[in-house]
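One structure below.
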Amino acid sequence: MPKEMTDLEKLRHSCAHVLAAAILRIWPEAQFAAGPPVEGGFYYDVELKHRLTPEDFPEIEKEMGAIVAANQQFEREEISRDRALELGQSGRLAALGARPVPSKFKIDILREISEGEVITLYRNGDFVDLCAGPHVASTGDIEAFKLTHLASAFYRGDERNPQLQRIYGTAFPTKQEMDAHFAMLEEAKKRDHRKLGKDLHLFHIDDAIGQGLILWCPAGAIIRQELQNFIGAELRQQGYQQVFTPHIAKLDLFRTSGHFPYYAESQFPPLVARENLLLLANENCSCAELANRIQEGEIDGFLLKPMNCPMHIRIFASQPRSYRQLPLRLAEFGTVYRWEQSGELSGMTRVRGFTQDDAHIFCSEQQLDEEIQKCLTLVNKMLMTFRMENYRVRLGLRDPASSKYVGTPENWDHAEEACRKAIQVLNVSYTEEQGEAAFYGPKIDFVVKDVLGRDWQLGTVQVDFNLPVRFGLSYKGADGKSKTPIMVHRAPMGSLERFVGLLIEHFAGNFPLWLAPEQVRVLPVSEKFAEFGQSIVDSYRLSGIRTLIDLSSEKIGAKIRLAQLEKVPYMLIVGGREQASGKVSVRSRKSGEEGTIPIDDFQRRIQFEIESRELC
RNA sequence: GCCGGCAUAGCACAGUGGUAGUGCAGCUGAUUUGUAAUCAGCAGGUCGUCGGUUCGAACCCGACUGCCGGCUCCA
């Protein structure tokens, strides 16, 4: 179906055709699948015996350059389905001419085009492709292009299908724009949280610990602690109650919740008691048999928790509940463990153990709308505090075709409607996406982009009519009857690991004062003023300002440079003049020299800046 | 998990078959400094791991581990 394309997308999509034509000049047997524009460029999926490597790029680019130089017109032609099929059979689609082997992927794509839709070919030079278009007028319009990287992709994104080679490239109307694009990418790489996390010693991932398991170094731990304090204070104001729960629980708990049966493969393997293992070993029980017996519940064990909700549910169930106690809001920075596929792990943004700023709200049906609303407002406020404005809101609905969900269709309808209503009240634009729900209910996700343009889900609010039923939760209503509560699962930041990862990139490591691991560094111009400098450090530390002093024998310029590179928000230069006047010479990370200020005045100023969580 | 690439000192990198190098960081000494790099010296590596080819391997081959880019997945 012809979609609306921007001019840039048209250009890039056209460049994908040029790429395909160039590849065919070198490898005429190449079979092409799809070649769309994407954010930042385009790709084309190709099946080819030759294993492409970046070393092939210059040769391919040379052919592409020849096609661009030839200034071939893009010609559109409407054809019948039969005619298209005929061309496909003779290998003529996505090809420079007839070939002995049919254009199999193109024929398959042709089958997917519904009756009544117009089928079009696009032709440039000898190259003919089945394509909805649109395209630029001619190949000569592509002034600047470059192949960027290789990847692999399953045909139609299904791992049962053949794996194709995906060649990525980009194109621009002018060379200058392309240069700017690559310069921007270089800048983005400098903000990458994996690089900054290492440079600034925020976190560490250690082979001896395990993939996807984060060690928070002291500097990173400060940032995390400040975030927890921030969220914690908000929650106290809003009537949440703090709880703590263990990292593991009996398998049966997660059988009841549905986590273990439905998502066994995305959890760390269960822990089985030693005596049970010995018993089974004596029976010569195979691993497969063991797994089976665990699955069937014949052997009990423990599971690292993949979610906190069952724990909070058991706290709810630990005493008789009355409607007077609702809404009951239980909050915890709860650490959960999930067995993510190794190829998916990435820095702090995709990990196997992470801590959610989690809470579960147990409420009545009448309270539901308001509770969702409050959660959304909280997420919103949190994002605004960091001025993370570049987010989108996604309403994740169930996929009617899938069986991975628990609960009745009526409950699902009810929950989905409640979410939709709440977002509409919030008055933000959102998209509804089928198949994005949690297994127990629909969710409203706040999705932000990282520096490289990849989407990450942060905050989430989820409505759940199902787990309370599975756990048989109840409370006594005002009418004396027993009722089932509704649950709201919510995490404004999502996971602290992912959130901090994105925060590092958002601020490029230049954290606002309240988050900065080191807030102030005192730089004596010589060791004669070490004692004076230390007295400032002592005084600032007493008021909780994170302050260090640089007592190295470097010259002041070198000390400044180091502090600047370490992204310390404020440098206080002290020498004879300051000592005599009881002042400090302030230099800020952001704007350089700020002049001299009495020691106590500056202290008050930064205390205010910290308390108000001012952004830099 | 799948496809491809990569792996040399804490970090950034050089080293295409003949006993491993540069810069920064580190340590020691000298210097005591006024707003983004003071000088000198020292130390630091089983070249990711294991196996193979070779008289000889950082370098060639294989397996494994980890990382990077994608794909699939993401309760």
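Not measured: the values here are computed from a predicted model. In what follows, every chain begins at residue 1, and chains take the letters A, B, ... in the order their sequences are listed.
Nearest to the side chain of A/Arg587, among B/U35, B/G1, B/U33, sits B/U35. If you check B/G1, B/A75, B/U38 against the side chain of A/Gln341, the one that comes closest is B/G1. Minimum atom distance to the side chain of A/Gln267 is reached by B/A75, of the listed B/U31, B/U35, B/A75. Across B/G70, B/A36, B/U32, the shortest atom-to-atom separation from the side chain of A/Ser526 is found for B/U32. Here the side chain of A/Glu578 is nearest to one of B/A75, B/U33, B/G34, namely B/G34.
Within 3.5 Å, a donor on the side chain of A/Arg350 pairs with an acceptor on the base of B/C73, or the reverse. The base of B/G4 has none of its N or O atoms less than 3.5 Å from a complementary donor or acceptor on the side chain of A/Ser152. Taking only distance into account, the side chain of A/Glu593 never meets the base of B/G34 through a donor-acceptor pair shorter than 3.5 Å.
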For this session: Could you walk me through whether A/His259 and A/Phe439 pass ring pair (Phe, Tyr, Trp, His ring centres under 6.0 Å), step by step?
Result: CA-CA 9 Å; A/His259 291 95; A/Phe439 78 89; 5.1 Å; yes
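Atom P of nucleotide B/A75 and atom CG of A/Leu253 are separated by 19 Å, given to the nearest angstrom. Taking atom CG of A/Leu345 as the reference point, atom P of B/C2 lies 14 Å away to the nearest angstrom. Rounded to whole Å, the distance from CG on A/Asp550 to P on B/U38 is 12 Å.
Here A/Ser342 reaches the OP1 or OP2 of B/G1: one of its side-chain N or O atoms lies under 4.0 Å away. One finds a side-chain N or O of A/Gln211 lying less than 4.0 angstrom from the OP1 or OP2 phosphate oxygen of B/G66. OP1 or OP2 of B/U33 sits under 4.0 Å from a side-chain N or O of A/Lys528. Dashed line: the shortest gap from a side-chain N or O of A/Arg589 to OP1 or OP2 of B/A36 is not under 4.0 Å. Phosphate contact (OP1/OP2 of B/G69, side-chain N/O of A/Arg194, threshold under 4.0 Å): present.
On the C1' atoms, B/A7 is 22 Å away from B/U19, given to the nearest whole Å. Separating the C1' atom of B/G15 from that of B/G21 is a span of 7 Å, rounded to the nearest Å. Spacing of P atoms, B/U28 relative to B/A63, comes out at 47 Å, to the nearest Å. Of the P atoms belonging to B/C59 and B/C50, the separation is 13 Å, rounded to the nearest Å. Rounded to the nearest Å, the gap between the P atom of B/A58 and that of B/U46 is 13 Å.
Evaluated for a side chain to side chain donor-acceptor pair (under 3.5 Å) with A/Thr245, the options A/His312, A/Glu332, A/Arg314 yield exactly one hit, A/Glu332.
The side-chain ring of A/Phe439 is not stacked on the base of B/A75, judged by centre separation under 5.5 angstrom and plane angle under 30 degrees.
Side-chain atoms of A/His193 come within 3.5 Å of backbone atoms of A/Met348 as a donor-acceptor pair (strictly under, hydrogens ignored).
Between the side chains of A/Gln356 and A/Ser495, no donor N or O sits under 3.5 Å from an acceptor N or O. With hydrogens and angles left out, the side-chain atoms of A/Ser552 and A/Glu554 include no donor and acceptor closer than 3.5 Å. In summary, the side chains of A/Thr335 and A/Thr355 do present a donor paired with an acceptor at a separation below 3.5 Å, with no hydrogens or angles considered.
Residue A/His259 is in base contact, counting any heavy-atom pair closer than 4.0 Å across all strands shown. As judged by a 4.0 angstrom heavy-atom cut-off over every strand, A/Ala153 is placed among residues touching the sugar-phosphate backbone only.
Residue order along RNA chain B, read from the 5' end via each residue's closest nucleotide, puts A/Gly575 first among A/Ala151 and A/Gly575.
Under the Watson-Crick or G-U wobble criterion, with both distances below 3.5 Å, B/A7 is paired with B/U65. Partner assigned to B/C71 is B/G1, using Watson-Crick or G-U wobble distances below 3.5 angstrom.
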